[in-house]
Amino acid sequence: MPEGHTVHRLARTFDALYSGQVLRVSSPQGRFADGAGVLDGRRLVASEAWGKQLFLGFVPDGAPADVSDAQVPGVTCGSDTLWLRTHLGLYGAWTFAGAPDAPEVAHAIGAPRRRIGERDLVPSSSDVSDPQVPRGTSTSDTWEVPEPRGQVRVRLLGAHAVADLTGPTACEVITADEKKAVEARLGPDPIRDDGDPADFVARVGRSRVTIGQQLMDQAVVAGVGNIYRAEVLFRAGVDPLRPGRDVPAATVRAIWDDLVVLMRDGAEHGAIVTTRPEDRGAGQAGADDAGPVPDVGRGRTRQNTDGSPGAVPSDQAFYVYHRDGLPCRVCGTPVLVKELAGRNLFWCGVCQT
DNA sequence: TTGGAATGGACAA
DNA sequence: TGTCCCTTCCAAT
């Protein structure tokens, strides 16, 4: 998936697209027909991420849309607030399309696959700045809403945009209390302002489970996935197989601080980049002797980038993730890979001790 | 046409 | 620990 930075980006996208609007909610695929029926015609008043969980808050149309209260984390919304909780899992993705006047947003956010519908953001009229359509007045009557493509579990249709969810691991309507219960099971989120490093440090320090596994445990820290796990441990110089309790607290705290920087940057730019400029491209350790970097046939990692010029190429974005067999960017030794708890773990046996 | 892979996680034993 | 689920894309048949 889509690690936590992606979900925060989604929350911002939904806020920009739909906040305060009454939405049409449907389930083209049919598997979420009941939930869609419950939410259809309600007003979106909150869009919040915690780790990899996305929560969209809906109130009945006509109820006071107390957006400010609803968006404060931890504040209990009115009893008539219902939340759409979604989790993308390994394959899930949101795909967006919008009217010419829609706020500029991402096209598709989610699983590492081709961005279906990317071009759909361009209005079918191909006239982006049609002066006949005053900004802010467009409705679904004035633009062409694309047909759902693939197995669309839920579709959210607003005044000037549509969002389709495919392949989620979770998609359900819950109450405010149930939302709290979900959040209670999650560890602190480095992207959230309320993320508490002390929780993370304490939890890691009292377990002999390896630090590599603990970083993937959403109850220890929310939002970290396989890429951030591998990369942050490399940057800290910590062996993923070390028991958490054997990693000095100061080092664990430094890992948290690094996650805050890396993940917030990821949420901002839509791509995970962990390499420092001096460690990218030619001139890195091992490059001279190794000649051209061998193509091992992997690493086709795609990111949900914002496509901005000057973006770091995906093959230079990581130190160790999906780089097994390639020379470490710092010391030149081949990067290692091993399956740990069902997931591939990548690390440098020399730089990480 | 098939099957492996992908940045996850819930659940049972 | 193993099994299953969610869906799509692309390399290999």
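Residue numbering restarts at 1 for every chain, and letters A, B, ... go by the order of the sequence lines.
A donor-acceptor distance shorter than 3.5 angstrom exists from the side chain of A:Ser27 to the backbone of A:Arg153, with no hydrogens or angles considered.
Rounded to whole Å, atom P of B:dA6 lies 13 Å from atom CZ of A:Arg229. Atom CD of A:Gln53 is separated from atom C1' of B:dA10 by 12 Å (rounded to the nearest Å). Computed from coordinates, the A:Asn226 CG to B:dG9 P distance equals 11 Å when rounded to whole Å. In this structure, A:Phe346 atom CZ and B:dA5 atom C1' are separated by 11 Å, rounded to whole Å. Spacing between atom CD of A:Glu339 and atom P of C:dT3 amounts to 13 Å, rounded to whole angstrom units. Regarding A:Met216, its CE atom lies at a distance of 7 Å from the P atom of B:dG9, rounded to whole Å. Summarising the geometry, the separation between CD on A:Glu172 and P on B:dG9 is reported as 15 Å, rounded to the nearest angstrom.
A salt bridge between A:Glu178 and A:Arg85 is absent, with no side-chain N of the basic residue lying under 4.0 Å from a carboxylate O of the acidic one. The residues A:Glu3 and A:Arg229 are annotated as not salt-bridged, no charged nitrogen and carboxylate oxygen being separated by less than 4.0 angstrom. A salt bridge is defined here as a Lys NZ or Arg NE, NH1 or NH2 lying under 4.0 Å from an Asp or Glu carboxylate O, and A:Arg12 with A:Glu268 meets this definition. Taking 4.0 Å as the cut-off between side-chain N and carboxylate O, A:Arg42 and A:Asp61 do not count as a salt-bridged pair.
Between C:dT13 and B:dA5, the distance separating the two P atoms is 12 Å to the nearest Å. As rounded to the nearest Å, B:dA13 and C:dC5 have P atoms that lie 15 Å from one another.
Residue A:Arg153 is classed as a sugar-phosphate contact, given heavy-atom separations below 4.0 Å to backbone atoms only. Within 4.0 Å (heavy atoms only), A:Gln29 reaches sugar-phosphate atoms of the nucleic acid but no base atom. Across all strands shown, A:Arg185 has no heavy atoms under 4.0 Å from either base or sugar-phosphate atoms. Within the nucleic acid shown, A:Gly342 has no heavy atom closer than 4.0 Å to any nucleic acid atom.
In this structure, A:His87 does not reach the B:dA10 phosphate: none of its side-chain N or O atoms is under 4.0 Å from OP1 or OP2. Listed pair A:Gln151 / C:dT8 fails the phosphate criterion, with no side-chain N or O lying under 4.0 Å from OP1 or OP2. A:Arg149 has no side-chain polar atom (N or O) that falls below the 4.0 Å cut-off from OP1 or OP2 of C:dT7.
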Quiz item: Reading DNA chain B 5' to 3', how would its secondary structure be written in dot-bracket notation, given Watson-Crick and G-U pairs with both distances under 3.5 Å, brackets [ ] for crossing pairs and | for partners on other strands?
Solution: ||||||.|||||.

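Comparing B:dG9, B:dA6, C:dT7 against the side chain of A:Lys52 picks out B:dG9 as the nearest.
No side-chain heavy atom of A:Leu345 sits less than 4.5 Å from a side-chain heavy atom of A:Glu339.
Taking the six-membered ring for Trp, A:Phe14 and A:Phe55 have ring centres at least 6.0 Å apart.
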